[in-house]
Colleague: 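Submitted below is the structure of interest, expressed as C-alpha cells.
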Amino acid sequence: MVKIVAVCNQKGGVGKTAISINLAAALGQQEGTAILLVDLDPQGHATEGVGMKELYTREVQSLYDGLTQPKVTVDSLVHPVPHEPFFLLPSHYRMMLAEQTLQPARGREYKLSALLEGLNGTFDWIVVDCPPNLGILTDNAIYAARRLVVPVQAEQTSMRALDLLLDQVESIEEGLKIKVEMLAVVPNLVQDSTLSKRILADLRENIPVTTPFEFRKRVVLQEAYEQGRSLFSLQADRSKMPAINELKELYFALAKLVRERSNQDGK
C-alpha cells in the first residue's frame, strides 16, 4: 500500500524543498522501491530543483488541471526524472490560481487525495512538497498524506510557525475526522550558535518526534539546487565530497526513520 508523506511548514526558508527532494532520493535508493515527488508549491521550487523547470511553463495539462478538473488522469501528469530514482508530478505556473479556484469547490480538501488514487498502487512512496502557507493546498496535502515531516530552523520565528502548524493539524483532524501522524520534526539549516543549541534542546525535550540529528547549513545544498539535482546525483568537486557524504548519511537516517515510524502507524 502506498505511503504518502507531506513535507510542510508554512514558514518560508526552512528548507522544505531540499528535504523533499533528498528524502525522495534517499527512499529511492532502496532497490525495487518506486517513488513519486509531488511539487504542490505554486512557486515550483521542487520542479526546478530536480532540473525539470521547463515543465513549469509548458502549455499542457498540469497539476492545476488535475486538482480542478475531475476528468484529468494523473498518469498524464507524471514525468520520469532521468538522473534521479524517482518520478515527478511537477508544479505549474497556473497553480498560482489553484487556491482561488478551489475556494468555492465542494470537497476542496479532498482533490489531491482523489487525484493520487488514480495511480492505482504504481508507487510505494509519495513525497509532497507543500507551499509555505496554511491554505487549501496544504490542507489537501495533509488530508492525502496523514503523515507529516516538518522541517524547522532553530530560531524563535520557526518555533512560532510550528505552533501554528500543530494548531492547523488539530483543526483538520477534528474537521475532517482523520488522524494525522507527525513522523518527524527535522531541525534544518542549523547554525552553530548558543541560541540554536538552546532551541534544539527545547525541541527535543518538548516534541518527542524531533529527530536525534540535525541538518547543518551547507553550501552544497544550494549547488545541488542550481544543478537541478539531489545530493545523491550531484556532480561536485572532490573537495566537497565530505560535506555531501555527511548530508547523504543524514538523509539515509531520515528515510529510515520515516519508514520505521510509518510502519508503526499501521496504515
Side-chain angles (χ1 to χ4, degrees), residues 5-27 41 43 45-46 48-49 127-134 138 147-170 181-232 234 236-258 260-261:
V5 177
V7 180
C8 60
N9 187 330
Q10 77 278 14
K11 185 179 184 299
V14 298
K16 286 186 298 294
T17 297
I19 293 283
S20 298
I21 291 172
N22 289 292
L23 174 58
L27 288 167
D41 185 351
Q43 298 172 95
H45 291 317
E48 181 176 357
V127 178
V128 183
D129 186 29
C130 295
N133 61 59
L134 294 178
T138 297
R147 299 179 181 89
L148 306 184
V149 169
V150 183
V152 296
Q153 288 177 282
E155 56 184 42
Q156 293 294 349
T157 54
S158 200
M159 296 304 98
R160 174 59 179 155
L162 178 60
D163 288 339
L164 292 173
L165 175 61
L166 294 175
D167 290 343
Q168 178 80 352
V169 169
E170 185 177 344
E181 185 74 20
M182 187 80 71
L183 296 181
V185 171
V186 185
N188 195 34
L189 304 176
V190 174
Q191 302 189 54
D192 189 13
S193 69
T194 301
L195 177 61
S196 292
K197 291 174 182 176
R198 179 174 62 78
I199 291 177
L200 284 174
D202 289 344
L203 261 177
R204 291 184 172 123
E205 180 179 352
N206 296 304
I207 303 180
V209 295
T210 302
T211 58
F213 49 84
E214 62 267 359
F215 291 85
R216 298 281 169 177
K217 194 169 185 178
R218 293 285 187 264
V219 174
V220 292
L221 288 167
Q222 184 60 36
E223 291 186 15
Y225 184 87
E226 290 172 358
Q227 283 193 29
R229 290 176 174 270
S230 75
L231 290 165
F232 293 84
L234 177 63
D237 296 335
R238 183 177 299 179
S239 63
K240 296 170 184 174
M241 291 311 297
I244 293 171
N245 290 333
E246 176 190 348
L247 285 167
K248 285 166 64 175
E249 287 302 314
L250 290 171
Y251 276 108
F252 276 131
L254 179 60
K256 182 176 185 240
L257 183 151
V258 165
E260 290 175 348
R261 292 182 179 174

Colleague: Can you confirm whether Asp41 sits close enough to Cys130 that some side-chain heavy atom of one is under 4.5 Å from a side-chain heavy atom of the other?
Modeller: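 No. Closest side-chain heavy atoms not under 4.5 Å.
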Colleague: Just wondering, do Val127 and Val7 contact through their side chains at under 4.5 Å, heavy atoms?
Modeller: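 They are in contact (side-chain heavy atoms under 4.5 Å apart), so the answer is yes.
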Colleague: Nearest 0.5 Å, what's the CG-CD1 distance between Leu166 and Ile207?
Modeller: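 These two atoms lie 6.0 Å from each other.
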Colleague: Pick out which of Leu257, Leu23, Leu250, Thr211 makes a side chain to side chain contact (heavy atoms under 4.5 Å, CB included) with Val186.
Modeller: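 Testing each of Leu257, Leu23, Leu250, Thr211 against Val186, the sole residue satisfying side chain to side chain contact (heavy atoms under 4.5 Å, CB included) is Thr211.
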Colleague: Test side chain to side chain contact (heavy atoms under 4.5 Å, CB included) on Leu203 and Leu162 and set out the steps.
Modeller: CA-CA 11 Å; Leu203 261 177; Leu162 178 60; 4.0 Å; yes
Colleague: Rounded to the nearest 0.5 Å, what separates atom CD in Gln168 from atom CG in Asn133?
Modeller: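 Gln168 CD to Asn133 CG: 9.5 Å, rounded to 0.5 Å.
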Colleague: Once rounded to the nearest 0.5 Å, what's the spacing between atom CD1 of Ile199 and atom OG1 of Thr194?
Modeller: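 Between Ile199 CD1 and Thr194 OG1, I get 11.0 Å after rounding to 0.5 Å.
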Colleague: Under the salt bridge (charged side-chain N to carboxylate O under 4.0 Å, His left out) definition, can you give me all pairs with a residue in residues 5-18, not counting sequence neighbours?
Modeller: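 Found Lys11-Glu155.
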Colleague: Verify side chain to side chain contact (heavy atoms under 4.5 Å, CB included) between Val14 and Asn9, making sure each step is shown before the conclusion.
Modeller: CA-CA 8 Å; Val14 298; Asn9 187 330; 4.0 Å; yes
Colleague: For a 4.5 angstrom cut-off between non-hydrogen side-chain atoms, does Leu254 reach Phe213?
Modeller: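 Yes, at least one pair of side-chain atoms sits under 4.5 Å.
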Colleague: Can you list the residues that meet the ring-ring contact (aromatic ring centres under 6.0 Å, His included) rule with Phe232, with sequence neighbours excluded?
Modeller: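 In terms of ring-ring contact (aromatic ring centres under 6.0 Å, His included), with neighbours along the sequence ignored, Phe232 is linked to Phe252.
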Colleague: On a heavy-atom basis, which atom in Gly15 and which in Asn188 lie closest, and how many Å separate them?
Modeller: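 In this case the closest contact between Gly15 and Asn188 is CA-ND2, 3.4 Å.
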Colleague: For Ser20 and Asp129, which heavy atoms make the closest approach, and how far apart are they?
Modeller: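 Shortest heavy-atom contact: OG-OD1, 3.2 Å.
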Colleague: Tell me, with the steps shown, if Tyr251 and Ile19 meet side chain to side chain contact (heavy atoms under 4.5 Å, CB included).
Modeller: CA-CA 8 Å; Tyr251 276 108; Ile19 293 283; 3.6 Å; yes
Colleague: So, taking the atom named CZ in Arg160 and the one named CD in Gln10, what distance separates them when rounded to the nearest 0.5 Å?
Modeller: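 Going from the CZ atom of Arg160 to the CD atom of Gln10 covers 9.0 Å.
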Colleague: One pair to check against side chain to side chain contact (heavy atoms under 4.5 Å, CB included): Val258 and Val149. What are the steps and the verdict?
Modeller: CA-CA 8 Å; Val258 165; Val149 169; 4.0 Å; yes
Colleague: For the residue pair Ala236 and Ile244, what are the closest heavy atoms and their distance?
Modeller: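 Heavy atoms of Ala236 and Ile244 come nearest at CB-CD1, 3.5 Å.
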Colleague: How many angstroms lie between CG in Leu165 and CG in Leu148, if you round to the nearest 0.5 Å?
Modeller: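 That separation rounds to 6.5 Å.
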Colleague: Between Leu27 and Ala255, which heavy-atom pair has the shortest distance, and what is it?
Modeller: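 In terms of heavy atoms, the two residues are closest at CD2-CB, 3.8 Å.
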Colleague: So, do Val150 and Val152 sit near enough that their side-chain heavy atoms are less than 4.5 Å apart?
Modeller: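 Answer yes - side chains close enough.
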Colleague: Does anything in residues 208-225 form a salt bridge (charged side-chain N to carboxylate O under 4.0 Å, His left out)? List the pairs, not counting sequence neighbours.
Modeller: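 Residue pairs with at least one partner in residues 208-225: Arg204-Glu214, Glu214-Arg216, Arg218-Glu246, Glu223-Lys240.
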Colleague: So, for Leu189 and Gly13, which heavy atoms are closest and what is the spacing to 0.1 Å?
Modeller: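 Smallest interatomic distance, heavy atoms only, reads CD1-O, 3.5 Å.
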Colleague: What distance separates Glu48 CD from Tyr225 OH, expressed to the nearest 0.5 Å?
Modeller: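 With rounding to 0.5 Å, CD (Glu48) is 3.5 Å from OH (Tyr225).
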Colleague: Could you report the tightest heavy-atom contact between Ala224 and Leu234, atom names first, then the distance?
Modeller: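 Minimum heavy-atom separation between Ala224 and Leu234: CA-CD1, 3.7 Å.
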